[in-house]
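Each remark here refers to the structure printed beneath this line.
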There are 4 protein chains.
Amino acid sequence: MVKKDKPKYKQIIDAAVIVIAENGYHQAQVSKIAKQAGVADGTIYLYFKNKEDILISVFQEKMAVFVNNLEQILSKDHSAAEKLKHMIESHFNLLAGDIHLAIVTQLELRQSNTDIRLKINNVLREYLLLLDQILISGMETNEFDQDMDIRLARQMVFGTMDETITTWVMNEQKYDLVELAPKVHHLLMKGIRA
Amino acid sequence: MVKKDKPKYKQIIDAAVIVIAENGYHQAQVSKIAKQAGVADGTIYLYFKNKEDILISVFQEKMAVFVNNLEQILSKDHSAAEKLKHMIESHFNLLAGDIHLAIVTQLELRQSNTDIRLKINNVLREYLLLLDQILISGMETNEFDQDMDIRLARQMVFGTMDETITTWVMNEQKYDLVELAPKVHHLLMKGIRA
Amino acid sequence: MVKKDKPKYKQIIDAAVIVIAENGYHQAQVSKIAKQAGVADGTIYLYFKNKEDILISVFQEKMAVFVNNLEQILSKDHSAAEKLKHMIESHFNLLAGDIHLAIVTQLELRQSNTDIRLKINNVLREYLLLLDQILISGMETNEFDQDMDIRLARQMVFGTMDETITTWVMNEQKYDLVELAPKVHHLLMKGIRA
Amino acid sequence: MVKKDKPKYKQIIDAAVIVIAENGYHQAQVSKIAKQAGVADGTIYLYFKNKEDILISVFQEKMAVFVNNLEQILSKDHSAAEKLKHMIESHFNLLAGDIHLAIVTQLELRQSNTDIRLKINNVLREYLLLLDQILISGMETNEFDQDMDIRLARQMVFGTMDETITTWVMNEQKYDLVELAPKVHHLLMKGIRA
DNA sequence: GATGAATGAGGTTTCATTCAT
DNA sequence: AATGAATGAAACCTCATTCAT
């Protein structure tokens, strides 16, 4: 059994999400995470190389859920437009259902230093490549504008989603994020359709 | 004469931009900023309440240029679509012309803690309100879709611009940002037009 | 059967010598010694009270060889001068033949804290008492100066040997230590002979 | 005025000697040294790069006194034998007069890691070169055996002195170290004279 | 007897801010 | 107004030792 499969590994990851969300990135000391996880400080270091490793693992583990979801969506026999819709809904659903995670990914983890941010970006890249697949397939079926710049389209889709979620988090989730999904989809579709 | 008009005030602001851009947010110590500005550490505190005050002031001072530009654009007798185009071009132009500033606003300042980020968002709000004016005027003239959600449209426009600029900065400005402006405008127009 | 006679006892002692020699005193963690010995960390504590006990036992076990050798030398029917010569040769030989041990006793073990060093000195005392016997016998037979201070003479003999070996170890054994023995003996003899 | 000339520099050096002597090398925390010196912890770092720098500086500053003394002795118009005598007396005198320093140099500083020990050895080298000068001059005037190996002779002289002082320190200075100087000199002279 | 996962105390260093000059 | 020396709080990580299995 590898470390990642041991119960304490996930226990610590989940504790980190809670502690970061509730205390902020810079107030998320290792000792606080250990306490929240119900283990000794030193135990953390049996499962993670250092604090940076915890933070990157948090992002990796959680991002994996997003990637898996998106892979599911891609595997279904739907139109590109529908896939995009499912992507937005699924993305919004996941974050609306885990406020702690939303706070961590949209606000707190972005305060990390450049090293960690670069590693986080590598994890994110996998997700964006799947988004590119949707865009490319839509262009091939002529659902989406065949002349559009993929990179710009991706930046519009992801930038709009990201901005929407961050605004929602910053406004303390006063309104329903999931309800916005169809509207966001509609807006984006107009931008990219043929 | 208020503090903001004294030469050392701007001197420190400019020093902060340079130091943050060249060293990164977490390596931008007050003493470094003081040295770059050519003043003593203690002098900083004659012009700023604390370090947070410097960072917010940096954003305020620089954002003012963006707001002024946008006000100029709004005052001209153009269509909403043209105003949007000028906005994107002007925004991209300003940042492409001051790499230090681009690095600071797109990457480094986002590493600040949530408190500072919320205050920065307040400063940003003024700019976004002007963007809303363009969107509203476009909807009134039926250039833009009258059924669209203003907030979402704003998030799409700003999110796309922001994501585009950040990607450009992260890629070390290998390509021409300003050249992308028409394409971004075209993409966004498709999304929001009637 | 007492603990010292069990195979794992010597196994751990030998592992400690290797680990200390190869990693240095401050990098010789109990877990490394356990790994080198092929036992679990906890097993160490079935044979030794604590880490300090390992280090002192290392010195005791290895010093016993020196003491045995010297007892052999003393038992032979030689002049005091010859005994001294054999002592130096034997001492140099043993260390030249076990570089790990030389590094540990001359360099690494001296980095231990004062408590351990005092206990090591107690172990060393037995060896120095045998050296004193050589000196006394030489004074009785008028081979050595009958007016000399035994303690000082012992410090000169041991200090010179020790400094010579340490210099040799520090110089990465670039030259032949054993070859120096006659010269050291000659030098010391001049100092102590009648 | 350079840092070394400022009063706090020497204040911290002296505090370090006292704290190390009284608490042992491994219990000489920076905070203890700061407290003993009557400054804040952070102040230490205005004068020293890090803890290692304090320890090396302690040795450098104190060793400088030994080197200066020895240079004085060398400059006098005495025989090599007399110079050696003065060296031993001066060396013993300095340490007998500053028990804290004796404990630090003979016992505590030797517990430092290999990095620091190497740097300390570089400082010591200067002293040993002056000792070599005495030996060489004695050989030139035929006071000392012209056939002897300089390195061995140096190791005998320094090893004997070192062993004598360490034994005295370890025995809690129960007897008079300075009284031993003539005897040590006599013993060494017999060993090296022509 | 043997294991090895878990424990938790403890210290160096940075840096925003102050205040005597 | 300007200086810059001094302050001191705060946290990541290591590793000897234990004890349930």
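Because only heavy atoms are used, hydrogens play no part in the values below, and waters and symmetry mates are left out as well, while side chains stay in. The sequence lines fix the lettering, A, B, ..., with proteins before strands; numbering per chain opens at 1.
Atom CG of B:D53 is separated from atom OH of B:Y45 by 10.0 Å, given to the nearest 0.5 angstrom. A distance of 9.5 Å separates CD in B:Q60 from CD in B:E126, rounded to the nearest 0.5 Å. Interatomic distance, CG of C:N113 versus CG of D:L107, reported as 11.5 Å (0.5 Å rounding).
In this structure, of F:dC13, E:dT13, F:dC15, it is E:dT13 that holds the atom nearest to the side chain of D:Y45. Between E:dA16, F:dT3, E:dG8, one nucleotide has an atom nearer to the side chain of B:Q29 than all others, and that is E:dA16.
Within the nucleic acid shown, D:V30 comes within 4.0 Å of at least one base atom, counting heavy atoms only. C:K35 comes within 4.0 angstrom of nothing in the nucleic acid, heavy atoms only. The residue D:Y47 sits close only to the backbone: its heavy atoms come under 4.0 Å of sugar-phosphate atoms, none of a base.
When both pairing distances are held under 3.5 Å, F:dT17 makes a Watson-Crick or G-U pair with E:dA6. Remark: F:dA1 base-pairs with no nucleotide in the shown strands. Criterion, Watson-Crick or G-U wobble with two distances under 3.5 Å.
Straight-line distance from the NZ atom of D:K32 to the P atom of E:dG10: 11 Å, rounded to whole Å. Distance NZ (C:K8) to C1' (E:dT3): 10 Å, rounded to an integer number of Å. Spacing between atom OH of A:Y9 and atom P of E:dA6 amounts to 15 Å, rounded to whole angstrom units. Following rounding to the nearest Å, D:N113 (CG) and E:dT12 (P) show an atom-to-atom distance of 13 Å. Rounded to whole Å, the distance from CG on C:N23 to C1' on F:dC15 is 15 Å. Rounded to a whole Å, the CZ atom of B:F48 is 16 Å from the C1' atom of F:dA2. Going from atom CD of B:E52 over to atom C1' of E:dA16 covers 12 Å, rounded to whole Å.
Looking at which nucleotide of DNA chain E each of D:D41 and C:I44 is closest to, the 5′-most match is held by C:I44. Residue C:T43 is the one, among B:N50 and C:T43, whose nearest nucleotide of DNA chain E lies closer to the 5' end (criterion: closest heavy atom). Taking for each of B:L46 and A:K51 the nucleotide of DNA chain F with the nearest heavy atom, the 5'-most of the two is the partner of B:L46. Residue D:G38 is the one, among D:G38 and A:H26, whose nearest nucleotide of DNA chain F lies closer to the 5' end (criterion: closest heavy atom).
Put simply, C:K49 has no side-chain N or O that comes within less than 4.0 Å of OP1 or OP2 on F:dT17.
Taking all atoms of both residues into account, the shortest heavy-atom contact from D:I56 to D:I116 is CG1-CG2, 4.1 Å. Between C:E108 and C:I20, the closest heavy-atom pair is CB-CG2, 3.4 Å.
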